[in-house]
Amino acid sequence: MASITFTHVNKTYPGNVEIVPDLNLEIKDKEFVILVGPSGCGKSTTLRMIAGLEDITSGELRIGDRVVNDIAPKDRDIAMVFQNYALYPHMSVYKNIAFGLQLRKVPKDEIDKKVHEAAKILDLEHLLDRKPKALSGGQRQRVALGRAMVRNPAVFLLDEPLSNLDAKLRTSMRSEISKLHKRLDTTFVYVTHDQTEAMTMGDRICVMKDGVIQQFDTPQTLYDFPCNLFVAGFIGSPQMNFINATIAKNGSGVAAQFGSFSLPLNAAKSKALAGYIGKEVIIGIRPEDFVEVTADNKAEAITATVELAELMGSETNLYLDCAGNKLIARMPSNVRPAEQSTYSLAVKTDKIHVFNRETEQAICH
């Protein structure tokens, strides 16, 4: 069993600098969990507390059924992969991978077997005699993964392991790490500030802000049902558009009004917003929830000034000004309106998210 449980864990540095105020989190055995959030949100501190590299100020941390607050890192049955690889430059790839096993006095023939098994899985067999300086960034990262793998730990901890790689290599390494998780069938905890990594790799994602968990759920649930404005803006690329709007009666339902526009909302949203008529809210529209205007969706159309049309290959990102709101719309690649032209587009109103302006909590989706 390698579940990880934080119960009322607090981390405070000298000078009363509180990084993690009161963390309650349960990571299941064999789960791939991503800790994500902006710089300084406490995600790396949380990972380092699991590793034993940071002391816990108060509360309880369990790995499996063991309380590990006072257990040394080497006795926690964890392996950590760092952002900067942390390889020994004077050692060959073989010796880097084998080093942890040698410290544990594992027999030589067993070390050799484990190193070659890991090298085969990670496609490093032809590089075992090389030193780290003769490797590419992706190869170094695979060596760091191999060094962790041979330990056969109960928990893998990965601290922004792909942030030093170029975009193409990051994409391929994402799939490599996901495959590795399935093959090893153990618990992975992965820290990143890159929400694309989080969305594509994790079984569940823990979104953090100022040391506090905002939402902990599956990638699809976070995307479709963000619990507040912060999660809605953090998950998704380009990020969700936010518009200050007023809820008004619209026949038997309600509409969201801003500028000269009125977007009718469906029956479910109208019911949830019945108590908000005449009040200001924040509506959220994802860039992909804008579409071209047709005879069927004219009632959901808005007009905006095109500030920039950014061709992305298979699609075009339109940067718009609509009644003073800066918006991004993701449209088909054949949509290329001229800059500074006026352009009409429709909103998929059933996809609109509505947030309370004071509390920033979601009202309905």
Side-chain angles (χ1 to χ4, degrees), residues 38 207 209-210 212 214-215 217 221-309 317-331 335 337 340-365:
V207 183
K209 178 189 178 190
D210 301 329
V212 176
Q214 303 295 303
Q215 192 168 356
D217 219 317
T221 301
L222 288 180
Y223 194 78
D224 293 336
F225 305 104
C227 70
N228 59 28
L229 212 57
F230 177 80
V231 176
F234 196 83
I235 299 293
S237 181
Q239 79 160 53
M240 187 183 286
N241 299 289
F242 296 118
I243 302 171
N244 290 329
T246 303
I247 299 300
K249 274 196 81 63
N250 181 46
S252 60
V254 305
Q257 295 182 341
F258 63 97
S260 60
F261 306 109
S262 182
L263 297 174
L265 301 177
N266 63 23
K269 288 188 174 68
S270 293
K271 188 176 178 183
L273 293 164
Y276 284 83
I277 291 169
K279 294 181 181 177
E280 287 195 354
V281 295
I282 298 169
I283 62 171
I285 306 169
R286 292 212 179 271
E288 61 270 29
D289 292 333
F290 290 100
V291 291
E292 294 177 79
V293 179
T294 66
D296 295 328
N297 62 22
K298 275 186 180 174
E300 289 90 40
I302 60 171
T303 304
T305 302
V306 179
E307 295 187 332
L308 177 67
N317 287 340
L318 298 183
Y319 292 80
L320 308 165
D321 186 308
C322 177
N325 296 287
K326 303 295 182 185
L327 307 177
I328 303 176
R330 183 184 284 163
M331 305 296 285
V335 175
Q340 300 309 314
S341 66
T342 300
Y343 183 68
S344 292
L345 64 171
V347 178
K348 293 181 185 175
T349 53
D350 60 318
K351 298 282 193 180
I352 286 177
H353 305 260
V354 186
F355 302 91
N356 185 302
R357 197 165 174 194
E358 278 76 42
T359 66
E360 299 189 350
Q361 296 300 305
I363 302 167
C364 57
H365 301 286

**Complete:** When rounded to the nearest 0.5 Å, the distance separating CG of Asn241 from CD1 of Ile285 is 6.5 Å

**Fill in**
Separation between OG1 (Thr305) and CG (Leu318), nearest 0.5 Å, reads 12.0 Å

**Asked** So, for Ala329 and Leu320, which heavy atoms are closest and what is the spacing to 0.1 Å?
**Response** CB-CD1, 4.0 Å

**Request:** Looking only at non-hydrogen atoms, find the nearest pair between Gly236 and Arg286 and report the distance.
**Result:** CA-NH1, 3.9 Å

**Item:** Separation between CG of Asp217 and CD1 of Ile235, rounded to the nearest 0.5 Å
**Value:** 11.0 Å

**Message:** Could you report the tightest heavy-atom contact between Asn244 and Asn325, atom names first, then the distance?
**Reply:** N-OD1, 4.4 Å

**Flag if over 12 foreign heavy atoms under 6.0 Å of CZ, Phe230** = yes

**Request:** Starting from the C-alpha separation in whole Å, work towards a yes-or-no answer on side-chain contact (heavy atoms from CB on, under 4.5 Å) for Glu300 and Lys348.
**Result:** CA-CA 7 Å; Glu300 289 90 40; Lys348 293 181 185 175; over 6 Å; no

**Prompt:** What residues form a ring-ring contact (aromatic ring centres under 6.0 Å, His included) with His353, not counting sequence neighbours?
**Reply:** His365

**Prompt:** Who pairs with Phe290 by ring-ring contact (aromatic ring centres under 6.0 Å, His included), at least two apart in sequence or on another chain?
**Reply:** none

**Partners meeting side chain to side chain donor-acceptor pair (under 3.5 Å) with Asp224 (sequence neighbours left out)** = Gln220

**Item:** Partners meeting ring-ring contact (aromatic ring centres under 6.0 Å, His included) with Phe258 (sequence neighbours left out)
**Value:** Phe261

**Message:** Does any part of the side chain of Ile302, heavy atoms only, come nearer than 4.5 Å to the side chain of Leu263, both counted from C-beta?
**Reply:** yes

**Fill in**
Heavy-atom closest pair (Lys326 atom, Asp321 atom, distance to 0.1 Å) is NZ-OD2, 3.0 Å

**Asked** Counting N and O atoms only, with roles assigned by atom type, does the side chain of Glu307 sit under 3.5 Å from a partner on the main chain of Leu327, one being a donor and the other an acceptor?
**Response** no

**Asked** If you round to the nearest 0.5 Å, how far is CG of Asp289 from CG of Leu345?
**Response** 11.5 Å

**Request:** Could you pull out the closest heavy-atom pair between Ser262 and Ala255, with the gap in Å?
**Result:** OG-CB, 3.3 Å

**Prompt:** Judged by atom type as modelled, is there a donor-acceptor pair below 3.5 Å linking the side chain of Ser237 to the main-chain atoms of Gln239?
**Reply:** no

**Prompt:** Side-chain contact, heavy-atom cut-off 4.5 Å: Val293 with Asn297?
**Reply:** yes

**Item:** Interatomic spacing from CD1 in Ile282 to CZ in Phe242 - rounded to 0.5 Å
**Value:** 7.5 Å

**Fill in**
side chain to side chain donor-acceptor pair (under 3.5 Å) filter on Ser344, not counting sequence neighbours, yields Thr303

**Prompt:** Got a donor-acceptor contact below 3.5 angstrom from the Asn228 side chain to the Thr359 backbone?
**Reply:** no

**Request:** Return each pair, listed once, that meets side chain to side chain donor-acceptor pair (under 3.5 Å) where at least one residue sits in residues 264-279; pairs must be two or more places apart or across chains.
**Result:** Tyr276-Asn356

**Asked** Less than 4.5 Å apart, any side-chain heavy atom of Pro287 and any of Asn317?
**Response** no

**Message:** Would you say that Gln214 contacts Val212 through its side chain, given a criterion of any heavy-atom pair below 4.5 Å between the two side chains?
**Reply:** yes

**Asked** At what distance, to the nearest 0.5 angstrom, does CD of Gln215 lie from CZ of Phe234?
**Response** 13.0 Å

**Item:** Smallest separation among heavy atoms of Val306 and Pro337, with atom names
**Value:** CG2-CG, 3.8 Å

**Request:** Taking Asn250 for its side chain and Gly253 for its backbone only, find out whether a donor-acceptor pair lies under 3.5 Å.
**Result:** no

